[in-house]
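Input: a single structure, listed below in structure tokens.
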Amino acid sequence: MILPASVAVENPWLSWGYVESNWDDLARLTGQHVSLTVQAVLIALAIALPLALLARARPAVAGALLGTSAVLYTVPSLALFGLLAPFTGIGRTTVLIGLVAYAMLVLVRNILVGLQGVPHDVVDAARGMGYSGGRRLLAVELPLALPAIITGVRLATVTTVALVTVGVVVGYGGLGQLMFRGFSSSYRAEIMTATLLCLAIALVADVVLLALGRALAPWSRRRVA
């Protein structure tokens, strides 16, 4: 639908006046959005790492885990939040559980791929030098798998930033609440401001994680170059 020029001017997509008038609301919901994203990715990483190690040690478990992950990832986020709500209630807990589930599915696969990509001769060399299983994991395998793990964390983080907005269906969606309010009132500036803030959060998080990955695994950058 094309709006008349006068209406478009009264209802612009970008409005600094809206930002100034609603600064407290924007800051609060942006903080809520970032907080949910960081918490979900950290919890998912803490769960995904041991699961990936278990899957690497037991190939049968790996097949079942990856198969289940692939199926669960196809469940629409809207449906997942709706399914969780009767059991976990309306609010932050329900959103966080859903976000952790989606992030974990991405992370398990990437961590497993990273660990499986460690050259066998390197592992054998570490074993020959007398490294125990735990020391091999911490000093050899995890550092070599780090680029793949960081890639998974970046993907999970950006995905989570987008999924947080869907949490508005259970009353806790960060900037999604502004989008919902904007759609309800047809106020364009509110929708666009929330969208741009989501994009900014995803971009900043991705750049920070990219820099962190390069700092922790500088050899991977030299290998690409």
If I compare all heavy atoms of [X] with all of [Y], which pair ends up nearest, and what's the gap?
X	Y	value
Arg188	Pro12	CB-O, 3.3 Å
Met179	Cys198	CE-SG, 3.7 Å
Thr94	Ala85	CG2-N, 4.0 Å
Phe81	Val170	O-CG1, 3.9 Å
Ala205	Thr157	CB-CG2, 3.8 Å

What ring pair (Phe, Tyr, Trp, His ring centres under 6.0 Å) pairs are there with at least one residue in [range], not counting sequence neighbours?
range	value
residues 158-185	none
residues 121-157	none
residues 29-66	none

Say whether [X] and [Y] are linked into one hydrophobic cluster, either directly or through other cluster members, by side-chain heavy-atom distances under 4.5 angstrom.
X	Y	value
Val169	Leu83	no
Leu80	Phe87	no
Val164	Ile90	yes
Leu138	Ile149	yes
Leu142	Val123	no

Pairs where residues 23-51 contributes a residue and the test salt bridge (charged side-chain N to carboxylate O under 4.0 Å, His left out) is met, not counting sequence neighbours: Asp25-Arg28, Asp25-Arg181

Pairs satisfying salt bridge (charged side-chain N to carboxylate O under 4.0 Å, His left out), at least one member in residues 194-207, at least two apart: Arg154-Asp206

Any residue meeting side-chain hydrogen bond (donor to acceptor under 3.5 Å, both in side chains) with Asp124, in chain and number order, not counting sequence neighbours: Arg127

Which donor-acceptor pairs under 3.5 Å do the side chains of residues 43-59 make with protein atoms, sequence neighbours left out?
unit_1 : atom_1 : unit_2 : atom_2 : d
Arg56  : NH1    : Glu141 : OE2    : 2.5

Test side-chain contact (heavy atoms from CB on, under 4.5 Å) applied to Ile97 - qualifying residues, sequence neighbours left out: Leu84, Thr88, Thr93

Residues clustered with Trp23, ILVMFWY side-chain links under 4.5 angstrom: Trp16, Tyr18, Val19, Leu26, Leu29, Val34, Val38, Leu42, Val161, Leu175, Leu178, Tyr187, Leu197, Ile201

Transitive ILVMFWY cluster of Leu203, excluding itself - 4.5 Å side-chain cut-off: Val207

Side-chain (Ser35) to main-chain (Gly31) donor-acceptor, under 3.5 angstrom: no

Gln177 (side chain) donor-acceptor with Val168 (main chain) under 3.5 angstrom: no

From Glu190 atom CD to Ser15 atom OG, the distance as rounded to the nearest 0.5 Å: 10.5 Å

Pairwise distance CD1(Ile191) to CG(Leu196) - rounded to 0.5 angstrom: 12.0 Å

Please output the side-chain donor-acceptor pairs of residues 98-119 that fall under 3.5 Å, not counting sequence neighbours, one pair per line with the distance.
unit_1 : atom_1 : unit_2 : atom_2 : d
Tyr102 : OH     : Val75  : O      : 2.2
Tyr102 : OH     : Pro76  : O      : 3.4
Tyr102 : OH     : Ser77  : N      : 3.1
Arg109 : NH2    : Leu66  : O      : 3.4
Asn110 : ND2    : Ala148 : O      : 3.4

Sequence-distant partners of Arg135, salt bridge (charged side-chain N to carboxylate O under 4.0 Å, His left out), two or more places apart: none

